[in-house]
Amino acid sequence: NMTQLILDVDGLGVALPESRKGGYQASLDPLSVDVQMISGRMVRELRGSVWNISYQYGYFNESMKDLVIKACEKGKKQPILCSFLVQDGSGTMKQSKFFVTSFTRPKFMWSTQLIGGGETAVALWADYPLGLREVKPSD
């Protein structure tokens with residue numbers, strides 16, 4: 001089981017479970033600004049590159065759901081320090097400050113699980129997408 005993303009390392013330290021089926025993506029994207037010159041000509045100025053991360057997971061239990069919501073609500077208001085897996089096959093984790101750009105509260109559902117030979121209803125929270133954007137360009 002590989003760690004892909006840890007939210008709010010210097011605060012809560014929420015290590016998210018490994019996402020399945022391509023639910024985790026970390027990309028270094030160019031950050032540019034369009035400038036209109038006095039002549040009316042448009043120029044695109046490259047300001048560096050920022051990491052954008054998207055993460056999606058199937059199901060969280062109650063305690064994990066609460067930790068993730070707490071970290072995401074903090075990250076909506078202020079930058080949070082996160083560790084993230086660089087997708088180059090090296091297994092390298094990087095650390096940087098991120099804002100939470102998108103986050104959908106998990107939906108409640110019941111799941112039936114076999115516990116001690118009998119079926120038991122277990123409360124789960126599902127369908128949980130999350131987006132992060134690095135605060136300052138990395139290069």
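Below, each value reflects all heavy atoms present in this structure, side chains not excepted, and no hydrogens, waters or symmetry copies. The residues of the chain are indexed from 1 along the displayed sequence. For clarity, every value in this text was computed on a predicted model and none was experimentally measured.
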Item to check | Co-members of Val35 in a cluster of I, L, V, M, F, W and Y side chains, linked at under 4.5 Å | outcome: Val33, Met37, Val43

How about [X] and [Y]: do any of their side-chain heavy atoms sit closer than 4.5 Å?
X	Y	value
Val86	Leu28	no
Ser32	Glu45	no
Thr101	Asn52	no
Val50	Arg133	yes
Tyr55	Gln4	yes
Ile69	Met64	no
Leu16	Val68	yes
Leu7	Cys72	yes

Nearest-0.5 Å distance that lies between atom [atom1] in [X] and atom [atom2] in [Y]:
X	Y	atom1	atom2	result
Leu130	Leu5	CG	CG	6.5 Å
Ile80	Leu132	CD1	CG	6.5 Å
Leu67	Leu12	CG	CG	6.5 Å

Item to check | CA sep, side-chain torsions, deciding dist, call: Glu134, Lys136, salt bridge (Lys or Arg N to Asp or Glu O under 4.0 Å) | outcome: CA-CA 6 Å; Glu134 193 176 20; Lys136 289 192 190 113; over 6 Å; no

Checklist entry - Which residues satisfy the side chain to side chain donor-acceptor pair (under 3.5 Å) test with Gln78, sequence neighbours excluded? => result none

Item to check | side chain to side chain donor-acceptor pair (under 3.5 Å) against Glu73, all qualifying residues, sequence neighbours excluded | outcome: Arg105

Checklist entry - Which residues satisfy the ring pair (Phe, Tyr, Trp, His ring centres under 6.0 Å) test with Tyr24, sequence neighbours excluded? => result none

Item to check | Listed partners of Phe98 passing ring pair (Phe, Tyr, Trp, His ring centres under 6.0 Å), at least two apart | outcome: Phe84

Item to check | Pairs where residues 74-93 contributes a residue and the test salt bridge (Lys or Arg N to Asp or Glu O under 4.0 Å) is met, not counting sequence neighbours | outcome: Asp8-Lys74

Checklist outcome for this item: Applied to residues 29-44, the salt bridge (Lys or Arg N to Asp or Glu O under 4.0 Å) test, sequence neighbours excluded, yields Asp34-Arg44

Next on the checklist: Run Thr3 and Met93 through side chain to side chain contact (heavy atoms under 4.5 Å, CB included) and show every step you take.
Outcome noted: CA-CA 9 Å; Thr3 301; Met93 294 289 285; 4.0 Å; yes

Checklist entry - With distance as the sole test, does Gln87 use its side chain to make a donor-acceptor pair with the main-chain N or O of Ala26 at under 3.5 Å? => result yes

Checklist outcome for this item: Applying side chain to side chain contact (heavy atoms under 4.5 Å, CB included) to Pro30 and not counting sequence neighbours gives Leu46

Item to check | Non-neighbouring partners of Val9 that pass side chain to side chain contact (heavy atoms under 4.5 Å, CB included), sequence neighbours left out | outcome: Ile6, Leu81, Ser83, Gln95

Checklist entry - Using 30° and 60° as the class limits, which term best fits the ring planes of Tyr57 and Phe60: parallel, tilted or perpendicular? => result parallel

